[in-house]
2 protein chains.
Amino acid sequence: MGIKISESRKREIIQGFYQLSKVNGLENTSIAKIGKHLGMPPSLVMHYFPTREILISNLISYILQQMLLIYQPMLKELEIQNYADPHTFVNRLFSRDWNLLLDDGVFYSCYSLIFRNKRIKDEYRVLHEKLREYLKDILDRDENLIGKDTELLSEQIFVVVEGAYYYLSMFDDPEVYEQKVTIFKNQVYDLLRKYEVQHL
Amino acid sequence: MGIKISESRKREIIQGFYQLSKVNGLENTSIAKIGKHLGMPPSLVMHYFPTREILISNLISYILQQMLLIYQPMLKELEIQNYADPHTFVNRLFSRDWNLLLDDGVFYSCYSLIFRNKRIKDEYRVLHEKLREYLKDILDRDENLIGKDTELLSEQIFVVVEGAYYYLSMFDDPEVYEQKVTIFKNQVYDLLRKYEVQHL
DNA sequence: TATAATATTGAATGAACGTTCAATTTATGA
DNA sequence: TCATAAATTGAACGTTCATTCAATATTATA
């Protein structure tokens with residue numbers, strides 16, 4: 001049970017790191033601040049994460065895990081029913097449920113580290129490839145898409161989703177935001193339709 | 001001429017800031033380091049940019065200006081000939097000439113600040129809206145697209161471009177990179193074709 | 001219960017941080 | 001040329017940073 005304490009402490013620290021980064025930014029969240037926030041001396045933080053670099057590396061793993069978590073319910077559904085409606089999946093992709101599980105500010109701060117850290121870049125890439133494979137799995141079980149290049153379609157759908165997230169983050173006005181979401185959602189539906197039509 | 005020295009010094013400092021951020025990251029580039037790199041005391045840096053916040057704010061303006069600069073040649077062409085080929089424009093959008101004028105790491109580091117700074121967010125949004133208007137201008141002068149919703153088309157093209165940039169940054173292998181660029185380029189061409197076809 | 005491993009504390013380190021300020025040099029305009 | 005303004009210097013400020021370490025408390029194991 002000794003190792004359990006260690007693990008739960010680690011988790012506690014990473015979550016504290018994440019919470020403070022959400023408010024003050026990743027670059028303004030120091031080890032001392034994390035300790036203070038959790039009521040422990042900074043030396044205890046460093047006992048579990050010997051350097052700041054390691055701490056950040058673990059935060060990134062946590063964030064990417066959170067991202068996978070968002071897809072979990074849909075993948076469970078796929079497994080049980082052996083089918084999931086692509087349109088519903090796309091709809092969920094564009095829903096703002098994300099923000100409950102993952103803060104965009106922290107996410108993009110971590111993303112910007114891929115340009116100077118190969119390991120982080122690889123971790124991000126693997127995660128994004130995984131997401132595309134999930135979508136491919138869903139598309140492969142749709143009878144309208146049998147024999148189609150679902151890998152390509154999945155790639156094309158996700159690039160719209162990711163571009164949309166990037167761009168939409170600049171808009172605060174809910175009305176404008178919704179209007180633009182609709183545009184990009186339709187853009188993805190058009191992609192799906194295009195592939196389906198070719199089949200007929 | 002007094003004000004000229006001041007302005008060129010400011011430019012020198014911002015460019016030094018940018019250069020160091022490219023190598024060490026925005027968050028690791030201090031005022032002291034910028035001064036050292038340029039052979040001036042940190043107090044001189046602060047004479048021109050009273051706080052670090054102001055310094056960052058000016059770096060962001062510089063970066064967004066650089067982004068506009070990339071489009072300059074194409075816009076000149078549009079002005080002179082009163083026409084520019086959309087496909088050529090799209091091709092340029094996907095070219096890696098960007099990296100010579102603007103480092104992706106610095107760009108996304110600054111981007112991540114939009115989530116905690118309203119002014120930065122607004123500046124980013126205005127820039128992105130401007131880019132879309134440029135493309136709309138080009139599309140509007142294409143005879144195949146007369147009467148079409150070029151604003152919508154421009155929005156849909158750019159979201160693919162931006163998603164592609166986000167995603168492609170995770171790939172180092174030039175072969176894989178090129179293969180994926182082709183996919184996304186074709187995705188944009190499909191959008192253009194779709195609108196053109198509807199016209200016939 | 002004795003022993004070993006783990007968890008936690010608190011004080012201390014030097015380096016780097018952003019920022020201030022008074023003094024000095026250089027350029028400008030009357 | 002002289003006065004004024006702008007540009008530049010260098011030393012200093014207190015604060016925060018990541019990190020270290022030896023000492024203590026707690027828990028697990030034998």
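Owing to the predicted nature of the structure, the values given are computational and were not obtained by experimental measurement. A note on names: the letters A, B, ... follow the listed sequences, proteins ahead of strands, and every chain is numbered from 1.
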Original post:
Quick one: side chain to side chain donor-acceptor pair (under 3.5 Å) pairs with a partner in residues 9-18 of chain A, sequence neighbours left out?
Top reply: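 Qualifying pairs, neighbours excluded: R9(A)-E12(A).
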**OP:** Quickly work out the I54(A) CD1 to dA18(D) C1' distance and round it to whole Å.
**Re:**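 Distance check: I54(A) CD1 to dA18(D) C1' gives 13 Å.
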**OP:** Round to a whole Å and report the spacing from NZ of K10(B) to C1' of dA6(D).
**Re:**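 Those two atoms, NZ and C1', are 13 Å apart.
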Does [X] have any side-chain hydrogen bond (donor to acceptor under 3.5 Å, both in side chains) partners at least two apart in sequence or in another chain, and if so, which?
X: D137(A); value: none
X: D85(B); value: T88(B)
X: T150(A); value: D140(A)

Original post:
Y48(A) side chain N/O closer than 4.0 Å to the phosphate oxygens (OP1, OP2) of dT8(C)?
Top reply: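 Answer is yes, contact under 4.0 Å.
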Which salt bridge (Lys or Arg N to Asp or Glu O under 4.0 Å) pairs, counting each pair once, include a residue from [range], with sequence neighbours left out?
range: residues 150-161 of chain B; answer: K180(A)-E155(B), R132(B)-E155(B)
range: residues 15-38 of chain B; answer: R116(A)-E27(B)
range: residues 58-83 of chain B; answer: none

**OP:** Treat primed atoms plus P, OP1 and OP2 as sugar-phosphate and everything else as base, then score nucleotides 9-21 of chain C 5' to 3': B for base contact with protein heavy atoms under 4.0 Å, S for sugar-phosphate contact only, - for none.
**Re:** BB------SSBBB
Original post:
Are F89(B) and Y134(B) near enough that their ring centres are under 6.0 Å apart?
Top reply: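 For F89(B) and Y134(B), the ring centres are not under 6.0 Å apart.
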**OP:** For the helix from dT1(C)-dA30(D) to dA27(C)-dT4(D), figure out the bend between the end axes, five pairs an end, and round to 10 degrees.
**Re:**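 The helix from dT1(C)-dA30(D) to dA27(C)-dT4(D) shows an end-to-end axis angle of 10°.
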